[in-house]
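So that we are looking at the same thing, I have put the structure below in structure tokens.
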Amino acid sequence: MKPTRAAILLGLLLTTALAPGCKDFLDKDPLGTTTQDNLFKDPTNAVQAINAVYDVTAWDQGPKWGDPSGQYVAQTYEWMFGDLMTDDSEKGGSSASDFLPLIELKTWNIPPSNQTVTTLWVHSFTGIARANTVINNIDAGTIDAGLKARLKGEALFLRAYFYFNLVKGFGGVPLFEKSVAPSEVSNVKRATIAETYAFIENDLKAAAALLPEKSAYAGADLGRATKGAANGYLARAIMYQLGTVNGNNHTWQEVYDITSTIISSGQYSLLPNYAAIHQEIGENSSESLFEIQFATSNDGYGPISVGTTNNIFQNNRKTFGYGFNNPTQSLVDEFEPNDPRKEVTIIKNNDIVLGILNPVDITQNATGYFNRKAAIIAPNAPESGPQNIRKIRYADILLMKAEAAAQLNKPAEAVALVNQVRARARMSTRPPGTTLGSLAYEPANVPAGTLPNLAPGLSGSALLNAIWHERRVEFGEESLRFWDLVRTGRYLNTLPADVRARAASHVATETSVNPMPLLPISLNDAQSWKLPQNPGY
């Protein structure tokens, strides 16, 4: 489902719930002839309504939606937290001083005015507001009952998606099940981390009950939320709680059971060639549970674009990019000898990438490396990258189940699951376009013995370390590292002493299995909503 921005036409209508800091906007009447009263009486309008919620998942910058003063919000991407704030990535860019908000994130010198953090907050609550418009009004609609159920399931999934992004970064946040009147904005309450996760779980369970399996969608609708996507995020949310604030008393058995359900559904499989996962041929593939959909056009910055600026920010400045998110030597060294995933993940000096020579200018690069998974040929407009962003894939389901099995004293099963992922990796080709002027996938020709199966008798901490290693190399530069480190209690020890001390000063005060550092709540919204700020800010 490459996104349609016809949904944008409904934008002013659909953001009728809480848009942070936009009290004046909330007082305005909807524009146009489509209203909430008739929105769900027409199937085309109803589908556009849910498309408008998906639309927000694709926003990475631009105007603060619905703000009559046109306030600009800066770029935000999941890699800025999931990769950059870890030992997998350095900032990069044109110089050491380029893009102050990223320097603040990397060093945990994050003020409540940090623009990247503010955008994450603003866009998440805009998406929640749009989702609530669907959830609160669709039951009264007169469209086909099957379509109604599916669209409600999609809205519940997306509301959970936005709240999951919020709780991972900010901890407990206000929970909105319906539109909020302007007079109520200053009286909202901040939920606990456990309460926020419980809210997310309820939405995901309800979504899974309403959504179809992936195979039930027509080709034009591939990319929409599915039963598997809802269950995948549910397993991930429970796994994160098990290593942080587990106020909902979850167990590894739940992760094991949910991932088993996904696997036994028969809807997913590992894409045979690892090198193709992040290419156009790998979009919405058998491995994809959920990904953000993009296309390309001649549009520039802002929510109106059908593409993303994700690629321009990570591509080489010697081609068409800005050069951020440079993989570290630590990540490079994590790959085992001859692992094909290394070349698929890493660009080094003078590599040929998609048929184009990529010299690395160390004066405009922090490590000597770039992220090959984000490399694309320059689109029509630099700000309109067409590459979908993969959010959860089947390899993650296998490795989540492997970790659950290891925790439940089922080491043989855990080993077998990890070995599936390793077997696929050693069969990968080289990334496309490793010869000048070519986009072909050339054979990797890995030597015999590359990526050997884990030993059948592996167990205990050695097995867990093997699983965590596999996660790091399998999902390198896919924005999972930060939360994997936090939930396993390894994060603070990866940081330099001064950065570690600052991160530790922002740890959640709720009882937690491992320290959970939190981002600051946007200063404007913390004040206008009268929310308690996170520790240390």
Side-chain angles (χ1 to χ4, degrees), residues 82 88 228-244 246 250-272 274 277 286-290 331 334-336 339-341 345 390-428 450-476 478-491 513-514:
D88 272 6
N231 281 326
Y233 268 92
L234 181 60
R236 182 180 281 180
I238 292 173
M239 185 174 73
Y240 284 10
Q241 290 173 80
L242 286 166
T244 55
N246 191 19
H250 286 299
T251 66
W252 280 104
Q253 187 66 49
E254 293 173 88
V255 178
Y256 181 90
D257 291 342
I258 296 166
T259 51
S260 296
T261 295
I262 297 168
I263 293 168
S264 64
S265 72
Q267 296 290 309
Y268 305 98
S269 61
L270 294 174
L271 194 66
Y274 183 88
I277 291 172
S286 65
E287 184 154 350
S288 176
L289 274 76
F290 187 65
L331 174 59
E334 185 78 13
F335 290 91
E336 296 166 56
D339 185 342
R341 292 174 294 190
T345 305
R390 281 61 167 170
K391 290 295 185 178
I392 188 167
R393 50 189 182 87
Y394 186 61
D396 198 0
I397 303 305
L398 294 176
L399 292 179
M400 280 195 283
K401 183 175 180 180
E403 192 166 343
Q407 295 282 1
L408 294 170
N409 197 27
K410 299 179 180 181
E413 187 172 1
V415 165
L417 289 161
V418 176
N419 285 340
Q420 286 187 51
V421 176
R422 292 172 68 82
R424 188 271 297 273
R426 61 177 172 260
M427 297 301 294
S428 176
T450 296
L451 293 176
N453 283 342
L454 298 187
L458 198 62
S459 63
S461 60
L463 176 55
L464 284 175
N465 285 329
I467 293 169
W468 297 339
H469 158 78
E470 204 65 32
R471 291 186 64 84
R472 189 180 187 190
V473 294
E474 174 71 19
F475 306 121
E478 294 185 38
S479 307
L480 295 180
R481 178 69 172 166
F482 175 79
W483 291 285
D484 272 354
L485 287 171
V486 169
R487 71 176 179 81
T488 56
R490 297 174 291 156
Y491 178 64
V513 178
N514 293 300

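It should be emphasised that the depicted structure is a prediction, and the values quoted were computed from it without experimental measurement.
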task = Check each of Glu334, Glu470, Glu478 against Arg341 using the salt bridge (Lys or Arg N to Asp or Glu O under 4.0 Å) test, and report the only one that passes.
result = Glu470
request  = Would you mind reporting whether Ser260 and Lys401 have side-chain heavy atoms less than 4.5 Å apart?
outcome  = yes
query = Which pair of non-hydrogen atoms, one from Ala235 and one from Thr259, has the smallest distance, and what is that distance?
reply = CB-CG2, 3.9 Å
note = Applying salt bridge (Lys or Arg N to Asp or Glu O under 4.0 Å) to Arg236 and not counting sequence neighbours gives Asp396
Stepwise side chain to side chain contact (heavy atoms under 4.5 Å, CB included) test for Leu399 and Leu417 = CA-CA 7 Å; Leu399 292 179; Leu417 289 161; over 6 Å; no
key: Residues which pass side-chain contact (heavy atoms from CB on, under 4.5 Å) with Asn246, listed by chain and number, not counting sequence neighbours   = Gln241, Leu242, His250
message = Tell me which pairs pass salt bridge (charged side-chain N to carboxylate O under 4.0 Å, His left out) where either residue lies in residues 255-264, with sequence neighbours left out.
response = none
ask   = Just by distance, do the side chain of Asn231 and the backbone of Ile262 share a donor-acceptor pair under 3.5 Å?
value = no
inquiry  = Is there a side chain to side chain contact (heavy atoms under 4.5 Å, CB included) between Gln407 and Leu464? Walk through the geometry before answering.
reply    = CA-CA 8 Å; Gln407 295 282 1; Leu464 284 175; 3.8 Å; yes
inquiry  = Contact between Pro452 and Arg422 at the side-chain level, heavy atoms closer than 4.5 Å - yes or no?
reply    = yes
For Gln267, side-chain contact (heavy atoms from CB on, under 4.5 Å) partners two or more places apart = Glu213, Lys214, Ser215, Ser265
inquiry  = Check whether Arg424 reaches the backbone of Leu271 with its side chain - one donor and one acceptor, N or O, closer than 3.5 Å.
reply    = yes
query = Does Ser428 have any side-chain hydrogen bond (donor to acceptor under 3.5 Å, both in side chains) partners at least two apart in sequence or in another chain, and if so, which?
reply = Asn273
request  = Go through the structure and list residues passing salt bridge (Lys or Arg N to Asp or Glu O under 4.0 Å) with Lys410, not counting sequence neighbours.
outcome  = none
ask   = Should Thr488 and Asn514 count as side-chain neighbours, where that means a heavy-atom distance under 4.5 Å?
value = no
Nearest atoms (heavy-atom pairs only) where Ala406 meets Ala414 = N-CB, 3.9 Å
key: For Phe475, all residues meeting ring pair (Phe, Tyr, Trp, His ring centres under 6.0 Å), sequence neighbours excluded   = none
task = Kindly state each residue pair satisfying salt bridge (charged side-chain N to carboxylate O under 4.0 Å, His left out) with at least one member in residues 458-467, sequence neighbours excluded.
result = none
task = Heavy atoms only: give me the nearest Leu270-Tyr394 pair and the separation to one decimal.
result = N-CD2, 3.6 Å
key: Asp484: salt bridge (Lys or Arg N to Asp or Glu O under 4.0 Å) partners, not counting sequence neighbours   = Arg471, Arg487
request  = Give the C-alpha distance, both sets of side-chain angles, the deciding distance and a yes or no for side-chain hydrogen bond (donor to acceptor under 3.5 Å, both in side chains) between Glu403 and Trp252.
outcome  = CA-CA 9 Å; Glu403 192 166 343; Trp252 280 104; over 6 Å; no
ask   = Who passes side-chain contact (heavy atoms from CB on, under 4.5 Å) against Asn453, sequence neighbours left out?
value = Asn419, Arg426
message = My understanding is that only residues two or more places apart in sequence, or in another chain, count here; which of them pass side-chain contact (heavy atoms from CB on, under 4.5 Å) with Ser269?
response = Ser286
key: Contacts of type ring pair (Phe, Tyr, Trp, His ring centres under 6.0 Å), residue Tyr268, not counting sequence neighbours   = none
query = Hey, does the side chain of Glu287 reach the backbone of Arg393 with a donor-acceptor pair shorter than 3.5 angstrom?
reply = no
